[in-house]
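Below: the structure, in structure tokens.
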Amino acid sequence: MLFTETMSMGERFINSLAITILGMSVVFVVLIIIAYSLELLRIIFKEKNTKENHVLKNVAETTNVRNLMPATQENVEDIDLLLLITAAVAAEEDSSTDDFFVKSIKPLVQKDTIWASAGRQQNMSKKM
């Protein structure tokens, strides 16, 4: 399948098409092999009882946080805020609050101007 000057234009086209198809098929076969090998590794090294371990860990963290924080008005508001955000995230993801635990909330520094934030809010509130 070498290109020579004695080949007609049709033969060159057929040879180049065959080389292209061969190259694409090699790439797809290699990608399929990689995908199956990654799936096999995921199955082999999967941690057993991940959900049970995660739930037990969250229960322990929740009791530790409530025991460590003194019951002042400010901390009660912080705990209420954490519970509210946890419930909002759970509602957005259509999951239970047992699947995750919000440990802390850190406010971000505002990088944009107030006008940019107002415009973004206005664009998000528009109905499509």
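Everything quoted here is computed from the prediction, not taken from an experiment.
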### Query
Roughly how far, to the nearest 0.5 Å, is the CD1 atom of I14 from the CD1 atom of I19?
12.0 Å

### Query
Any link between I33 and V27 through a network of hydrophobic side chains (Ile, Leu, Val, Met, Phe, Trp, Tyr) touching at under 4.5 Å?
no

### Query
M7 and R12: which non-hydrogen atoms are nearest, and at how many Å?
O-NE, 3.9 Å

#### Entry: More than 12 heavy atoms from other groups under 6.0 Å of CD1 on I44
yes

### Task
Not counting sequence neighbours, which residues clear side-chain hydrogen bond (donor to acceptor under 3.5 Å, both in side chains) with Q122? List them please.
none

#### Entry: T113: side-chain hydrogen bond (donor to acceptor under 3.5 Å, both in side chains) partners, not counting sequence neighbours
none

#### Entry: Residue pairs passing the side-chain hydrogen bond (donor to acceptor under 3.5 Å, both in side chains) test where at least one lies in residues 24-40, sequence neighbours excluded
E39-R42

